[in-house]
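Excluded from the calculations below are hydrogen atoms, water molecules and symmetry mates; all remaining heavy atoms, backbone and side chain alike, are included. Whatever order the structure lists them in is the order used to number ligands and atoms, beginning at 1.
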Amino acid sequence: MNETQRSIFIESSARFPPPQGVKLSYGTSGFRADASILQSTVFRVGILAALRSLKTQSVIGVMITASHNQVSDNGVKIADPSGGMLTMEWEPYCDALANAPDSQHFVQSLDEFVKKENIPLEGSQSAEVMLGRDTRPSGESLLEAAKQGIESVVRAVATDMGVLTTPQLHWMVRARNKGMKASELDYFDQLSSSFRCLMDLIPQESVMKEMNDNLIVDGANGVGGEKLEIFKKMLNGLDIEIRNSGKGGVLNEGVGADYVQKEKVVPCNFGPADVGIRCASLDGDADRLVYFSVLSNSNNKIDLVDGDKILSLFAVFIKEQLSILNNHKDEKVNKYYQARLGVVQTAYANGASTDYLKHLGLEVVFTPTGVKYLHEKAAEYDIGIYFEANGHGTILFSDNFLCWLEGRNNELSSTSKGSEEHKATLRLLVISKLINQAVGDALSGLLLVEVTLRHMGWSIHRWNELYHDLPSRQLKVKVLDRTALITANTETVVVTPPGIQEAINAEIAKYHRGRCFIRPSGTEDVIRVYAEATTQEAADNLAKSVAQLVDQFLGFGSS
Ligand code: G16
């Protein structure tokens, strides 16, 4: 890098000294920590994002959010040109740059990195980074730090898109790089027109079968509730009541998808009066979605309809459309496409959901936790449906298949408009426009759930009856150093520390259909424990005894 650029970096990074004695790591979904220590990290990520833009000659995204974490935390992550997560190859650079102890070391690492990656810092190309943030109070000053980072790269521009859901920012980055219109209004337009189109394609016989039209959405006191308030005005035909939309309550406190899914109780401001109504919960930045119904006389307990069930619902719907196409198959060239449909889950997927999906005849594959892994795997199929049990997921369509669908749709529009085959083709095409192709998106997911339930004529209870979850329990344990835990086989086996897996196996063996695994969280400073068994009591006991093992091997008394 030339001297001018070097001295700009030295001078600007000196204004953002890193916190002492803290090691940050680009985890499951970017950097996350207490917001008070993130200024320098976010500034440095801003620089890195501008360099990524130079390297890829595309628009890059930076989102300031800590999603489901408590309100005092914040975080930052980069969206790549496709709108997906930053390529994992760059994560070690993020770690190295974020942890450089002072501006001299930082600029030295930056220099090496620019050379190694061959980034055209001295050419004539410009860079652009789109910035978004959620509603956290710390977001504004962190966004300013990111902006200063971006703008310290010569010829780099920061475009502040304001307060957004995380998936909106990812969608906008993807749209910009595809040369499409990419404002918030364009996002709402695309989703609402696709929703209306799918509603128009609902078979007459399904209308009002078992379906109750009312829907109540818990907005987690975050950006998702706020956006849904605006968006719902464009959604004729969908009756939504929004609670916890951010006025008054605290972000993610006793509300939101993470709370509802982990605690399996109603969020604040829901209760016995809501029995029988279909309810949904978004998380703090609206990239997760779960549904639930309030149980009567049950002390705030709920029937949880989690990401696994959303995946199953979508799988049934898509499979139905594909079989309509197959029934009309004409082996003549171009009239038939053998689309590969696959589903992707993680170890958190309830065992009953995996059994159900396999029983449907679907190919089910597993990856470690984190959308970045699931998304990559799902992209290998013509239609790849991925969901984590926590409600994070989407449906990806391959370019080849979309191109074939477009062609077929044009053909059928002139030869057999309105036929079953034509409708199925259209539905698949429109689903690909409704559901976010960049990343899991609670708002687009919610619209697809709503239209699919109407298509099936199903109530939330009928949907929940697709299969019965095995009872499960999740716990988190604070430890000395969570990086001391290393896992393998998509997080189902512990490799380090030695001995703990054998001890876990001995606990599992005590329970019928017992299953349990532990993994270090990538977003919080804890070890997570997941246990499953045939009764709730057994799942609770298994989780508890394994949590004790974690404490014994890795806890504060273990050293
Ligand atoms: C992020 C990731 C998700 C992951 C979750 C939990 O979600 O995007 O893929 O499941 O973290 O991660 P961990 O168990 O490692 O803490 P979010 O909604 O917090 O962005």
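Taking each of His375, Arg528, Glu388, Glu491 in turn, the one with a heavy atom nearest to atom 9 (O) of ligand 1 proves to be Glu388. Scanning Arg288, His392, Gln474 for the heavy atom closest to atom 5 (C) of ligand 1 points to Arg288.
Exactly one residue among Asp441, Asp258, Thr166, Asp306 makes a side chain to side chain donor-acceptor pair (under 3.5 Å) with Arg288. That residue is Asp258.
Annotation: atom 20 (O) of ligand 1 to nearest protein heavy atom, Arg32 NH2, 2.8 Å. If you check which protein heavy atom lies closest to atom 19 (O) of ligand 1, you get His68 ND1, 2.5 Å. For atom 17 (P) of ligand 1, the closest non-hydrogen atom on the protein side is Ser67 OG, 3.1 Å. Here the protein heavy atom with the shortest distance to atom 1 (C) of ligand 1 is Ser29 CB, 3.9 Å. Protein heavy atom at the shortest distance from atom 16 (O) of ligand 1 is Thr523 OG1, 2.4 Å.
Annotation: Phe387 is not in aromatic contact with His392 [ring centroid separation under 6.0 Å not met].
Atom CD of Glu537 is surrounded by 12 or fewer heavy atoms from other residues, nucleotides or ligands within 6.0 Å. Heavy-atom contacts from other residues, nucleotides or ligands closer than 6.0 Å to CD of Glu140 number 12 or fewer. For NZ of Lys262, the number of neighbouring non-hydrogen atoms (other residues, nucleotides, ligands) closer than 6.0 Å is greater than 12. The number of heavy atoms from other shown groups lying within 6.0 Å of NZ (Lys301) does not exceed 12. Atom CD of Glu376 has 12 or fewer heavy atoms from other residues, nucleotides or ligands within 6.0 Å.
Every N/O-N/O distance between Asn69 and ligand 1 stays at or above 3.5 Å. Every N/O-N/O distance between Glu524 and ligand 1 stays at or above 3.5 Å. Considering backbone and side-chain N/O of Met85, none are found under 3.5 Å from N/O of ligand 1. An N or O contact shorter than 3.5 Å is missing between Thr369 and ligand 1 by distance. Between Asp283 and ligand 1, at least one N/O pair is under 3.5 Å apart.
Near Gly370, meaning under 4.0 Å from any of its heavy atoms, are these atoms of ligand 1: 9 (O). Close approach of ligand 1 to Asp287 is summarised as follows: ligand atoms under 4.0 Å from at least one heavy atom of the residue are 18 (O), 20 (O).
With contacts defined as side-chain heavy-atom distances shorter than 4.5 Å, the pair Leu191/Phe231 qualifies.
One finds the CD1 atom of Ile310 at 5.0 Å from the CH2 atom of Trp463 (value rounded to the nearest 0.5 Å). Atom OH of residue Tyr467 and atom OG of residue Ser353 lie 4.5 Å apart, to the nearest 0.5 angstrom.
With a heavy-atom cut-off of 4.0 Å, Thr166 does not touch ligand 1 at all. Both the backbone and the side chain of Val371 come within 4.0 Å of ligand 1, counting heavy atoms alone. With a 4.0 Å cut-off on non-hydrogen atoms, Arg519 touches ligand 1 through its side chain and not its backbone. Residue-level proximity to ligand 1 for Ser521 is carried by backbone and side chain together, each with a heavy atom below 4.0 angstrom.
One N or O on the side chain of Arg136 and one on the backbone of Asp73 form a donor-acceptor pair closer than 3.5 Å.
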